[in-house]
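To keep things clear, I will list the structure first and then write my remarks on it.
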Amino acid sequence: EHLHAKHRNAISQAQRAGLSFYIDSEWKYLEVFGSLYESTMNRIDADEFYYFHKAYFEDMKQLSPQAFLGVVLKDNRCIAAAIFLHSGIYGHYHLSASDSTKQILRPNNFMIYEAALYLKKQGAHWFHLGGAPNSVHGSSLFQFKSRFTKLRRDFFIGKAVLNRPL
């Protein structure tokens with residue numbers, strides 16, 4: 001709904017390039033995702049906060065039965081993937097990674113679009129894409145996400161330390 005023309009064109013370009021989208025509910029691509037994710041965080045010079053240990057991804061797989069990896073394949077090779085969460089009417093785009101050498105194929109646009117279609121079929125009415133670091137309206141990540149819809153909602157991140165050693 002309200003998909004920006006740039007995204008419509010990028011999605012068409014990805015489809016013409018032969019990209020396919022795979023719902024990996026068994027997390028077969030988890031190791032590939034972990035490597036792509038670390039590479040992506042290095043490429044964008046992400047804050048330490050955005051780096052996660054392998055155990056985090058394994059826990060996500062075990063503790064979130066409705067979570068899945070959305071995987072973009074080109075010639076049977078994973079070029080982008082993301083963790084998506086789903087519960088009832090809500091879908092959430094959690095963490096994403098992609099091969100920097102394949103960005104010209106627009107795998108991220110394609111992945112979010114295909115995940116939205118899948119989540120809608122699963123009963124989701126809302127699909128939260130998250131913000132961007134510091135959610136600066138001029139940031140490229142914010143601009144990318146905002147072109148999927150005109151809807152905006154405030155969101156907050158909280159942190160708590162539980163069972164801190166004494």
Side-chain angles (χ1 to χ4, degrees), residues 3-4 6-87 90-124 126-133 139-149 155 157:
L3 191 61
H4 191 279
K6 282 188 176 191
H7 279 343
R8 281 194 306 274
N9 291 337
I11 292 160
S12 293
Q13 180 181 349
Q15 291 167 332
R16 285 191 308 274
L19 301 190
S20 61
F21 184 71
Y22 172 68
I23 302 297
D24 183 8
S25 55
E26 296 176 11
W27 300 70
K28 293 185 268 185
Y29 284 89
L30 183 57
E31 192 170 317
V32 174
F33 171 76
S35 296
L36 275 176
Y37 184 79
E38 185 173 343
S39 174
T40 299
M41 293 303 100
N42 290 340
R43 181 177 77 238
I44 66 171
D45 195 28
D47 290 339
E48 192 65 31
F49 174 80
Y50 294 101
Y51 284 82
F52 298 94
H53 295 285
K54 185 177 180 178
Y56 176 82
F57 301 123
E58 288 290 337
D59 287 347
M60 181 71 62
K61 172 183 159 182
Q62 298 301 320
L63 300 174
S64 302
Q66 290 183 295
F68 62 91
L69 282 174
V71 178
V72 176
L73 301 170
K74 171 68 175 160
D75 301 324
N76 293 318
R77 183 172 164 264
C78 176
I79 64 169
I83 296 174
F84 294 92
L85 309 173
H86 174 233
S87 181
Y90 300 103
H92 179 76
Y93 174 58
H94 184 47
L95 298 172
S96 179
S98 58
D99 181 336
S100 64
T101 67
K102 304 297 183 198
Q103 295 305 303
I104 192 78
L105 302 175
R106 305 296 187 242
N108 296 317
N109 305 68
F110 180 70
M111 177 171 55
I112 292 172
Y113 176 74
E114 290 292 329
L117 294 177
Y118 174 76
L119 288 165
K120 186 174 183 176
K121 287 179 186 173
Q122 301 307 304
W126 296 98
F127 183 27
H128 184 253
L129 297 180
S139 78
S140 61
L141 182 57
F142 180 83
Q143 292 300 318
F144 173 77
K145 290 178 177 182
S146 69
R147 288 185 178 127
F148 282 97
T149 181
F155 78 101
I157 296 174

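Along the sequence shown, residues carry numbers from 1. Everything numeric here is computed off the predicted structure, so don't read it as measured data.
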N/O donor-acceptor pair under 3.5 Å between [X] side chain and [Y] backbone:
{"X": "Asp24", "Y": "Tyr29", "value": "yes"}
{"X": "Ser39", "Y": "Ser35", "value": "no"}
{"X": "Tyr51", "Y": "Glu38", "value": "no"}
{"X": "Asp99", "Y": "Thr101", "value": "yes"}
{"X": "Gln66", "Y": "Gly91", "value": "no"}

Are any non-hydrogen side-chain atoms of [X] and [Y] less than 4.5 angstrom apart?
{"X": "Glu114", "Y": "Leu117", "answer": "yes"}
{"X": "Met60", "Y": "Leu85", "answer": "yes"}
{"X": "Ile44", "Y": "Tyr50", "answer": "no"}

What's the shortest heavy-atom distance between [X] and [Y], and which atoms?
{"X": "Ala17", "Y": "Leu105", "value": "CB-CD2, 3.7 Å"}
{"X": "Leu119", "Y": "Phe68", "value": "CD2-CE2, 3.9 Å"}
{"X": "Ile112", "Y": "Phe127", "value": "O-CE2, 3.8 Å"}
{"X": "Met111", "Y": "Ala82", "value": "SD-N, 3.6 Å"}
{"X": "Asn108", "Y": "Ser98", "value": "ND2-OG, 3.5 Å"}
{"X": "Ile23", "Y": "Phe21", "value": "CD1-CE2, 3.2 Å"}

Exercise for review: Please test His92 against His86 for side-chain contact (heavy atoms from CB on, under 4.5 Å), starting from the C-alpha separation and ending with a verdict.
Suggested key: CA-CA 6 Å; His92 179 76; His86 174 233; over 6 Å; no

Which distance, rounded to the nearest 0.5 Å, do you find between the [atom1] of [X] and the [atom2] of [Y]?
{"X": "Ser25", "Y": "Lys61", "atom1": "OG", "atom2": "NZ", "result": "11.0 Å"}
{"X": "Ser12", "Y": "Arg106", "atom1": "OG", "atom2": "CZ", "result": "12.5 Å"}
{"X": "Leu69", "Y": "Glu26", "atom1": "CG", "atom2": "CD", "result": "11.5 Å"}

Review point. Just checking, any donor-acceptor pair under 3.5 angstrom between side chains of Tyr22 and Asn76?
Key: no

Check your understanding: Run the ring pair (Phe, Tyr, Trp, His ring centres under 6.0 Å) check on Phe57 and Tyr37 step by step: do they pass?
Key -> CA-CA 11 Å; Phe57 301 123; Tyr37 184 79; 5.7 Å; yes

Review point. In a check of side chain to side chain contact (heavy atoms under 4.5 Å, CB included) between Leu19 and each of Ile79, Asp75, Leu73, which one passes?
Key: Ile79

Can you tell me if [X] has over 12 outside heavy atoms packed within less than 6.0 Å of its [atom1]?
{"X": "Gln15", "atom1": "CD", "result": "yes"}
{"X": "Glu31", "atom1": "CD", "result": "no"}
{"X": "Tyr90", "atom1": "OH", "result": "no"}

Practice item. Please say which of Tyr113, Phe84, Trp126 ends up in a ring-ring contact (aromatic ring centres under 6.0 Å, His included) with Tyr93. Key: Phe84

**Study point:** Parallel, tilted or perpendicular: ring planes of Tyr56 versus His94, cut at 30 and 60 degrees
**Key:** tilted

